[in-house]
**Q** 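Please see the structure below; I have some questions.
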Number of protein chains: 2
Amino acid sequence: MKKNCTESPICSKCGNTQSIICGLNDTDKNEISYRKDDGIYKKGDIIFKEGNNAHNLFCVHKGKIKLSKLGKDGKEQIVRFAKSGDILGYRSLLSNEPYHATATAMEESEICVIPKEVFQKIVEDNYKLSLNLIQLLSKDLKSAEQHLIDVAQKTVRERISEALLLLITSFGYLADGKTINVHMTRSEIADLAGTTTETTIRTLSQLSHDGIISLEGKNIVITNHTELIRNTNTYD
Amino acid sequence: MKKNCTESPICSKCGNTQSIICGLNDTDKNEISYRKDDGIYKKGDIIFKEGNNAHNLFCVHKGKIKLSKLGKDGKEQIVRFAKSGDILGYRSLLSNEPYHATATAMEESEICVIPKEVFQKIVEDNYKLSLNLIQLLSKDLKSAEQHLIDVAQKTVRERISEALLLLITSFGYLADGKTINVHMTRSEIADLAGTTTETTIRTLSQLSHDGIISLEGKNIVITNHTELIRNTNTYD
DNA sequence: CGTCAGCTTGATTACTTTCAATTGTTGTGG
DNA sequence: CCACAACAATTGAAAGTAATCAAGCTGACG
């Protein structure tokens, strides 16, 4: 399932300006291109597992990934998502710790695999990159803390509304501009909102009944975005 | 409430080896010593407020600080603690954002105040420091994600047990080796565990009845640490 | 000695989970 | 293409958990 990367240096497809790796000099880019592998992961494939030793940096080329941790009684909690242009595993590599979460492909995904030592050497050589990493970490931390409050204090309806909005900001809409561009099972939405499958189903159908969303097969269509936001009971 | 710092360069008291700022060269240390102020904050004083523009780095010299965010309906959620040797506000300074939380002194505290531009200049000049910051951020993020799972999936009894353990790791014990070295109101413990004051009281007295803790005035004494851990229902 | 904040207890209410049962969907091998 | 197995979605009813509301209590302090 691996082939050499034929792309131009450093995943040109991976959102050129987005990716944190952009801004490297040519030597480093070539080093990465030379050393990396491309992996194709099918839906449901595990990219890395919580607790395993971290040997690689993953650069998402295409696809959707969920990051989850195991909680009480083995219940899954989705902590965040990654998509094209995002990098995974950098935190574990930087702090020399095992992967802190499990990464699972939500659909067929192309992911470049960059060996630990290559990444580490480049971070050491690139002061600018380390500043980018700091910004990235700050952002992740900020949203983790916000997520904490959401889960801690909100009702299920509020959390599910919040989860839908997170899906929108993470993956956007289809061409119609109102259908969320991702397929998740009810159970996965539950793992994101921190509730049960049954309650998720009931709440979604309630939101649908209230004209805020519309459930069309596997798709969730946002019919009243303003009201959805109001439902999260957040005042930023 | 401010006086010039008379201490040796860079808060020698602030846990010499602990503080992230250690390892700087003498020039930078002197720059900081010269530019910083010392502040004394009384119990309940606010050091900085969520949403305000970040102008300073705070280096805790002595005392205990709680970091909290406002949630739904203005309910407070404690996100973490800081104590002697910890630094506050660095994330906002690095990412040029407002303070993401409110810092409140839990008891009389001495805190050095280092202006933004001094900190920024030093970070720019010190590659090693930026790596330290990355590690710090990684650690914070890790615990934030763990906290998320705890709050999302655990019962109140488990969360309160968890909260007590966090107090122990944050502040330690008194000399007797079993009394938690911090005074918090029931309502603050509730804000930490993400529940209400009444439920906190009931749960604490239940834990006390079960012989796991003992409530002695304002103090909480851990009488059965093993059982307290078992109560968190965590398996690391 | 009164007051106020923090602490406690009880009763009621509301929200979610859990359990159980059914239906719908999808992918696979014959 | 059908039948079957496995997974996903749905619905109802019962049980549990924690929040809310209301009312005393307690102790520190001016």
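Only a predicted model underlies this, so the values are computations on that prediction, with no experimental measurement involved. Reckoned from all heavy atoms, side chains included, excluding hydrogens, waters and symmetry mates.
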**Q** Does E108(B) have any salt bridge (charged side-chain N to carboxylate O under 4.0 Å, His left out) partners at least two apart in sequence or in another chain, and if so, which?
**A** none
**Q** Show me the pairs that pass ring-ring contact (aromatic ring centres under 6.0 Å, His included) and involve residues 138-172 of chain B, at least two apart or across chains.
**A** F81(B)-F171(B)
**Q** Could I get the full list of side-chain hydrogen bond (donor to acceptor under 3.5 Å, both in side chains) partners for R80(B), not counting sequence neighbours?
**A** none
**Q** Check the side chains of T200(B) and T197(B) for a donor-acceptor pair under 3.5 angstrom, ignoring hydrogens and angles.
**A** no
**Q** Contacts to DNA chain C from residues 148-164 of chain A, heavy-atom cutoff under 4.0 Å, which residues?
**A** T155(A), V156(A)
**Q** Considering all heavy atoms of both residues, which atom of I111(A) and which atom of I65(A) are nearest to each other, and what is their separation?
**A** CD1-CD1, 3.6 Å
**Q** Consider only side-chain N and O atoms of Q206(B) and D210(B), and report whether a donor and an acceptor are under 3.5 Å apart.
**A** no
**Q** Taking the side chain from S84(A) and the backbone from H61(A), do they hold a donor-acceptor pair closer than 3.5 Å?
**A** yes
**Q** State, without any angle test, whether E76(A) and S68(A) hold a side-chain donor-acceptor pair at a distance under 3.5 Å.
**A** yes
**Q** Without hydrogens or angle criteria, can the side chains of T234(A) and K154(A) be said to hold a donor-acceptor pair below 3.5 Å?
**A** yes
**Q** Of all of residues 191-201 of chain B, which get a heavy atom below 4.0 angstrom from DNA chain D, listed by number?
**A** T195(B), T196(B), E198(B), T199(B)
**Q** Y99(B): which residues meet the ring-ring contact (aromatic ring centres under 6.0 Å, His included) condition with it, sequence neighbours left out?
**A** F48(B)
**Q** Can you find a side chain N or O atom of R202(A) that sits less than 4.0 Å from OP1 or OP2 on dT11(D)?
**A** no
**Q** Report yes or no: do T196(A) and T199(A) form a side-chain donor-acceptor pair below 3.5 Å?
**A** yes
**Q** So, using side chain to side chain contact (heavy atoms under 4.5 Å, CB included) as the criterion, who are the partners of E97(B) when residues are at least two apart?
**A** K142(A), S95(B)
**Q** Establish, from distance only, whether the side-chain atoms of E145(A) and H100(B) form a donor-acceptor pair under 3.5 Å.
**A** yes
**Q** From the 5' end of DNA chain C to its 3' end, which nucleotides mark the outer limits of contact with chain B, defined by a 4.0 Å heavy-atom distance cut-off (strictly under)?
**A** dC7(C) to dA11(C)
**Q** Identify, with sequence neighbours excluded, every residue that meets side-chain hydrogen bond (donor to acceptor under 3.5 Å, both in side chains) alongside S143(A).
**A** none
**Q** Between residues 205-224 of chain B and DNA chain C, which residues have a heavy-atom gap below 4.0 Å?
**A** none
**Q** Indicate for each nucleotide in nucleotides 25-30 of chain D, in 5' to 3' sequence, whether protein heavy atoms under 4.0 Å reach the base (B), only the sugar-phosphate (S), or nothing (-).
**A** ------
**Q** Once side-chain hydrogen bond (donor to acceptor under 3.5 Å, both in side chains) is applied, do any residues pair with K116(A), and if so which ones, sequence neighbours excluded?
**A** N96(A)
